[in-house]
Protein chains: 2
Amino acid sequence: MPTIADIAKYAAVSPAVVSRVINRDPTLRVSDETRERVNRAVDALDFTPNAAARALRSSKSGLIAFVVHDVTNPVYGEVLRGAQMTASQSGNALLISEASNSGDRASRLVELVGGRGVDGLILQADGGISDLILARAARERVSTVLLQAELDVPAHLLRLPDKTAAAMATSHLVDLGHREIACVATEAGLSFTERRAAGWRAVLKSAHMNNGDDRIAYCPTSIENGRKTTVSLLSGAPTITAVVCFNFVTALGAVKGIRELGWRVPEDISVVTIHDLAVAEFLETPLTAVRMPLFAMGTRAVELILRRSFATGAESVIDDPKPQLIVRRSSAPPRC
Amino acid sequence: MPTIADIAKYAAVSPAVVSRVINRDPTLRVSDETRERVNRAVDALDFTPNAAARALRSSKSGLIAFVVHDVTNPVYGEVLRGAQMTASQSGNALLISEASNSGDRASRLVELVGGRGVDGLILQADGGISDLILARAARERVSTVLLQAELDVPAHLLRLPDKTAAAMATSHLVDLGHREIACVATEAGLSFTERRAAGWRAVLKSAHMNNGDDRIAYCPTSIENGRKTTVSLLSGAPTITAVVCFNFVTALGAVKGIRELGWRVPEDISVVTIHDLAVAEFLETPLTAVRMPLFAMGTRAVELILRRSFATGAESVIDDPKPQLIVRRSSAPPRC
DNA sequence: TTCTATTGGTAAAACAATTTACCAAAGGTT
DNA sequence: AACCTTTGGTAAATTGTTTTACCAATAGAA
């Protein structure tokens, strides 16, 4: 555990010079010969600067917290990977926190943010965004990025082209000839749910189709919720021939429910979902899905934080790459 | 950004007392009345101790690094969740690092470990365990847990009941009447691969069956590798009627490959895999799988680190809950 | 009354870096 | 020769907490 002072002694310079060399400060001058000596000392003693001391003095921890609802949800995987790559390329690290429940964790998060334990904060819309944390982050000037949320807070808002994606999914079904298209939405009240619902409604309206409230049902993301919701939706309106799901996981449940009711996919009911995952093509009925730029959302979120900008309420949409419809076997023309 | 000094002033005590109160040090004495005053001050000023200063003085960062090969691999999800829960329950946080490639990242990890940026290190066997990092961790007394590895290093070795699991999968096929059982293994050279292979071989041997090298093939985990490997395995030995896969992801590829060859699962070829994921039952052919105690491995890893123990080479097996065979539709008696 | 323990608290020294302010020497200008 | 500027470096302050060593006051015992 050599310190900067040991290096300084070994290289016969002062600690300040060592600091300049290892931080490659371009404005401050060190002769080539001295720099060389210091570098040799660093190698010889196998020196790594102490993270805590550095963070204390410079008030930069090099850490970014990523808060999700459920780490096992594969949809976050891609976002996480994008964030992770961008972060580590710039010498930062990513801290994962599951905010799903208990107050314990929320308070641990407050400590991290309040104590300047992290430089940035990335919050997923369904990760239980707490006002406490947002307020704290703003006060401490911890730059914050909200994913898929729509709040009036001093943070960057980053979102996906949800309306477009839902419209693409719905249009695909309309093009196939469906006239009764139901919708298994994500949790009500979340802004991305509303945007996707708007996309679904817009397409149905322009095709002069029934888009009443008896055609859409909202539920939190889980296989079981998807199943239950689909069953009650289809039981209530037997003329429905297609379903748009707002999440891959609920789509799995939807297919399960349709089969329980004695129908087949896609012969009796077509299913199209938002979010395309690798397993989609290995399912009993490979799912037609709209691929979203999740990876790009992850990279963009970290970029914003590294830029240390604090745009208040500036909302931007990730649309590169654009959402893309992947047609597989779960969608077909309606029967008869 | 109030400091401990501000609290001290507000509560009319010295900083040392504030420190004792917020750290709830039971051995050191503070009168109830003073404690109350300090707590009021903390609330009034909305104080959170500075993480960096605390880490610097106490040389504990409250951070544990979890290094995996690929964050999108769903098999890690469960391990991660177990680790995450245990960590946050004790006021620690988890840092995710993808060690898959580039030297950049490896060096960032060295900085974290070398600079005492983390208290503990959890390394997945296929996460590219670098000697550099292990040496550094040992020198800095960062307690380290190796998952599914078998190295002679000063770290805890935690592993799954791999031999048992592979034997369970293979026995299931033998019980169904299969006499020619191939094996799509994970990467050669990894210790868990060897253990699983041993389980497969043991069952075949006790059933007096062919367990030669032309029945087993090794490949890194990916859908495509699973597909290719299975195709070449089956093409070379047409009498094979069943396949044991060592990973869920390669199993997806295996099923794909079997279909490409014009065969059906399970009518022509049965497939059993190690690792059970939620999607298993939604696949075209729901996969028979051995469920492993992944969550428990995650919790155990963090517990070991929090205990700050440095057992050298002590290997322990996670066997609670025990591995469990989940029979689905991908396994059936052989044809004729 | 005097002598010890105990209680409740304080002052100041770490911890290991970054950064500001300053300084000596060398080189260039008039 | 006197003066200014640049170069390359140093000493010391700063960051916010924990912890050690110490001290005053009170209580209890002899």
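Numbered from 1 within each chain, the chains take letters A, B, ... in sequence-line order.
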Over how many whole Å does the gap from [X] atom [atom1] to [N] atom [atom2] extend?
X	N	atom1	atom2	answer
A/Asn23	C/dT20	CG	P	13 Å
B/Ile7	D/dG16	CD1	P	13 Å
B/Leu56	D/dG16	CG	P	12 Å
A/Arg54	C/dT18	CZ	C1'	9 Å
B/Asn50	D/dT14	CG	C1'	13 Å
B/Arg24	D/dT18	CZ	P	12 Å
B/Ile22	D/dT17	CD1	C1'	8 Å
B/Lys60	D/dT17	NZ	P	17 Å

Residue pairs passing the salt bridge (charged side-chain N to carboxylate O under 4.0 Å, His left out) test where at least one lies in residues 293-304 of chain B, sequence neighbours excluded: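 Qualifying pairs, neighbours excluded: B/Arg300-B/Glu303.
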Can you list the residues that meet the salt bridge (charged side-chain N to carboxylate O under 4.0 Å, His left out) rule with [X], with sequence neighbours excluded?
X	result
A/Arg57	none
A/Glu187	none
A/Glu36	A/Arg40

Contact under 4.0 Å: B/Ser14 side-chain N or O vs C/dT10 OP1/OP2: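 Yes, because at least one side-chain N or O of B/Ser14 sits under 4.0 Å from OP1 or OP2 of C/dT10.
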Touch class at under 4.0 angstrom, heavy-atom based, for B/Ser19 against every strand present: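 Base, at least one base heavy atom under 4.0 Å.
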Sugar-phosphate, base or nothing in reach of B/Val18, heavy atoms under 4.0 Å: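 Nothing, no heavy atom under 4.0 Å.
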Residue pair A/Asp119 / A/Val142: nearest heavy atoms and the distance that separates them: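 Smallest heavy-atom distance, with atoms named: O-CG1, 3.6 Å.
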Which atom of B/Pro293 lies closest to which atom of B/Ile318, heavy atoms considered: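 Closest approach of B/Pro293 to B/Ile318: CG-O, 3.6 Å.
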With B/Asn73 via side chain to side chain donor-acceptor pair (under 3.5 Å) - residues at least two apart: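 For B/Asn73, no residue satisfies side chain to side chain donor-acceptor pair (under 3.5 Å) once neighbours in sequence are set aside.
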Contacts of type side chain to side chain donor-acceptor pair (under 3.5 Å), residue A/Thr86, not counting sequence neighbours: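 Partners of A/Thr86 under the side chain to side chain donor-acceptor pair (under 3.5 Å) test: none.
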Close approaches to DNA chain D from residues 30-41 of chain A, in residue order (heavy atom, under 4.0 Å):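 A/Val30, A/Ser31, A/Thr34 - these, ordered by number, are the residues of the stretch whose heavy atoms sit under 4.0 Å from the strand.
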Contact list for residues 1-22 of chain A, test side chain to side chain donor-acceptor pair (under 3.5 Å), sequence neighbours left out: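 Matches after skipping sequence neighbours: A/Ser19-A/Asn23.
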Terminal axes of the helix from C/dT1-D/dA30 to C/dT30-D/dA1 (five pairs each): angle between them, nearest 10 degrees: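 Computed from the C1' atoms at both ends, the axes differ by 50°.
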Results of side-chain contact (heavy atoms from CB on, under 4.5 Å) for B/Ala52 - residues two or more places apart only: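 For B/Ala52, the residues satisfying side-chain contact (heavy atoms from CB on, under 4.5 Å) (neighbours in sequence not counted) are A/Ala55, A/Leu56, B/Asn50.
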Results of side-chain contact (heavy atoms from CB on, under 4.5 Å) for A/Ser316 - residues two or more places apart only: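 For A/Ser316 the side-chain contact (heavy atoms from CB on, under 4.5 Å) partners, ignoring immediate neighbours, are A/Leu158.
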Nucleotide-resolved protein contact map, nucleotides 20-28 of chain D, B/S/- at heavy-atom distance under 4.0 Å: -B-------
